[in-house]
Amino acid sequence: MGVAIRRAGEEDRADAVRLLDEAFMWDPVSAWVFPTEEHRRRRHGALMDAFFDLALGEGYIDITEDGSAVALWWSVPAAAPEAGGGSAGSGGGAEGDGPALLRQAVDPENERVELIGRLTEAAHPTDRAHQYLHMIAVRPDRQGEGLGTALIAAVLERCDAEGLHAYLEASSARSRALYERLGFGVTGAPLDLPDGPRMWPMWREPREGA
């Protein structure tokens, strides 16, 4: 039986943010951004809410019909040759400083909210347009059922049909292995968060004739 998937909108915010908050509460990167459990429980949901906004503005959100899994994608254009640097959602100039704005909105005293944005931004490819899988979450009691794979595969099928590249950052060796099975490969050097976990930037070329 296939997994029913639909495009999410503003009306799905509460359910999607709750799912992201629950699924990523103990993720190694979330635990690095918010080192203490008490702090994480207070501010983690606000970060997930901000990411929901970014996905609505920069791309799209796919959700399973039963609300048990959600994926946040950004549609990233190739940077103009004269622009240099920058990355998805980073904007330009002081008013477009995405990581700083995110920190101010979510947790102004927490420099790690801004730092992780700057580090991932620096690693993010800008030379080719691509679909960026920013986050994917599956309800903990539904993990292992293939829901996350179904959400990703639906977009990758379109990428193959339309000749689109795809990009993501794996935050664990387990997720890296999953993405490798879906055709992603590590690109560039791993990203080691200061005194924190390793992340792997991963790129996928479209498959011809898929």
Side-chain angles (χ1 to χ4, degrees), residues 3-74 88-89 98-121 131-152 154-155 168-176 178-179 191 193 196-200:
V3 177
I5 300 169
R6 64 177 175 83
R7 191 59 47 87
E10 179 62 37
E11 68 278 5
D12 298 294
R13 175 185 297 274
D15 291 339
V17 169
R18 188 181 307 113
L19 174 57
L20 290 163
D21 188 29
E22 182 180 12
F24 281 93
M25 180 63 66
W26 304 105
D27 179 81
V29 175
S30 290
W32 178 83
V33 174
F34 305 101
T36 69
E37 181 180 345
E38 186 274 336
H39 188 190
R40 198 179 321 134
R41 290 191 180 279
R42 281 192 295 109
R43 301 311 305 160
H44 187 261
L47 181 60
M48 299 300 105
D49 190 67
F51 286 156
F52 185 93
D53 274 339
L54 284 171
L56 281 183
E58 304 282 352
Y60 50 93
I61 300 168
D62 286 341
I63 192 168
T64 57
E65 197 64 61
D66 63 1
S68 58
V70 63
L72 277 54
W73 292 88
W74 296 3
L101 292 173
L102 183 65
R103 173 183 176 180
Q104 186 62 36
V106 171
D107 198 4
E109 301 303 317
N110 187 353
E111 65 180 10
R112 289 186 175 186
V113 173
E114 180 177 344
L115 179 57
I116 191 170
R118 297 202 182 283
L119 292 173
T120 55
E121 184 178 273
Q131 301 298 293
Y132 172 36
L133 178 59
H134 184 212
M135 303 188 81
I136 184 165
V138 179
R139 207 170 70 198
D141 65 336
R142 297 292 303 279
Q143 292 178 5
E145 298 181 17
L147 299 176
T149 298
L151 278 174
I152 300 171
V155 174
L168 55 82
E169 297 109 3
S171 61
S172 69
R174 180 181 178 184
S175 63
R176 171 185 168 180
L178 166 64
Y179 298 136
L191 176 58
L193 300 177
R198 168 168 288 187
M199 301 175 71
W200 291 269

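Remember, predicted model here, so these are calculated numbers, not experimental data.
Taking 4.5 Å as the limit, some side-chain heavy atom of V113 sits within range of a side-chain heavy atom of L102. Contact check for L168 versus I136: no side-chain heavy atoms found under the 4.5 Å cut-off. In this structure, the side chains of D107 and F34 come closer than 4.5 Å at one or more pairs of heavy atoms. The shortest distance between side-chain heavy atoms of L119 and M199 does not fall below 4.5 Å. No side-chain heavy atom of T149 sits less than 4.5 Å from a side-chain heavy atom of L151. Looking at R198 and S171, their side chains never come closer than 4.5 Å, going by heavy atoms from C-beta outward. Put simply, the side chain of L191 does not reach to within 4.5 Å of the side chain of W200, judged on heavy atoms. Under the 4.5 Å side-chain criterion, counting only non-hydrogen atoms from C-beta, F52 is not in contact with M135.
Distance alone, capped at 3.5 Å, places no donor-acceptor pair between the S30 side chain and the D27 backbone. Between the side chain of Q143 and the backbone N or O of V138, at least one donor-acceptor pair lies under 3.5 Å. A donor-acceptor pair is defined here as one N or O able to donate and one able to accept, closer than 3.5 Å; such a pair exists between the side chain of T120 and the backbone of G117.
With rounding to the nearest 0.5 angstrom, the OG atom of S68 is 8.5 Å from the CG atom of D141. Here the CZ-CE distance, from R41 to M25, works out to 5.5 Å after rounding to the nearest 0.5 Å. Between H39 atom NE2 and E109 atom CD the span is 9.5 Å, to the nearest 0.5 Å. Here the CZ atom belonging to F24 is positioned 13.5 Å from the CZ atom belonging to R40, to the nearest 0.5 angstrom. Between the CE atom in M48 and the CZ atom in R43 there is a gap of 11.5 Å [rounded to 0.5 Å]. A distance of 9.0 Å separates CG of L72 from CG of L54, quoted to the nearest 0.5 Å.
With hydrogens and angles left out, the side-chain atoms of E169 and Y179 include no donor and acceptor closer than 3.5 Å.
Here the closest non-hydrogen pair linking L147 and A69 is CB-CB, 4.0 Å. Minimum heavy-atom separation, A23 to A137: CB-CB, 3.6 Å. Here the closest non-hydrogen pair linking G45 and V17 is O-CG1, 3.7 Å. Contact between A154 and I5 at its shortest, heavy atoms only, is CB-CD1, 4.1 Å. Heavy-atom minimum distance, A50 versus V106: CB-CG2, 3.9 Å. Considering all non-hydrogen atoms of both residues, A8 and I63 come closest at CB-CG2, 3.8 Å.
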Next item on the list: Just do the salt bridge (charged side-chain N to carboxylate O under 4.0 Å, His left out) check on E22 and R18 with the steps written out, would you?
Entry: CA-CA 6 Å; E22 182 180 12; R18 188 181 307 113; over 6 Å; no
Next item on the list: Evaluate side chain to side chain contact (heavy atoms under 4.5 Å, CB included) for I116 paired with W32, printing each intermediate quantity in order.
Entry: CA-CA 10 Å; I116 191 170; W32 178 83; 3.9 Å; yes
Check: Does the pair D66 and R142 meet the rule for a salt bridge (charged side-chain N to carboxylate O under 4.0 Å, His left out), with working shown?
Finding: CA-CA 11 Å; D66 63 1; R142 297 292 303 279; 3.0 Å; yes
Next item on the list: Check the pair R6, D12 against salt bridge (charged side-chain N to carboxylate O under 4.0 Å, His left out), reporting the backbone distance first and the verdict last.
Entry: CA-CA 11 Å; R6 64 177 175 83; D12 298 294; 2.7 Å; yes
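Using a 4.0 Å cut-off between charged nitrogen and carboxylate oxygen, E10 and R13 count as a salt-bridge pair.
Among V70, I152, V155, the single residue meeting the side-chain contact (heavy atoms from CB on, under 4.5 Å) criterion with D62 is V155.
Around atom CZ of R7, more than 12 heavy atoms belonging to other residues, nucleotides or ligands sit under 6.0 Å away. Surrounding CD of E111 are at most 12 heavy atoms belonging to other residues, nucleotides or ligands under 6.0 Å away.
Aromatic ring orientation, H134 versus W74: tilted (interplanar angle from 30° to 60°).
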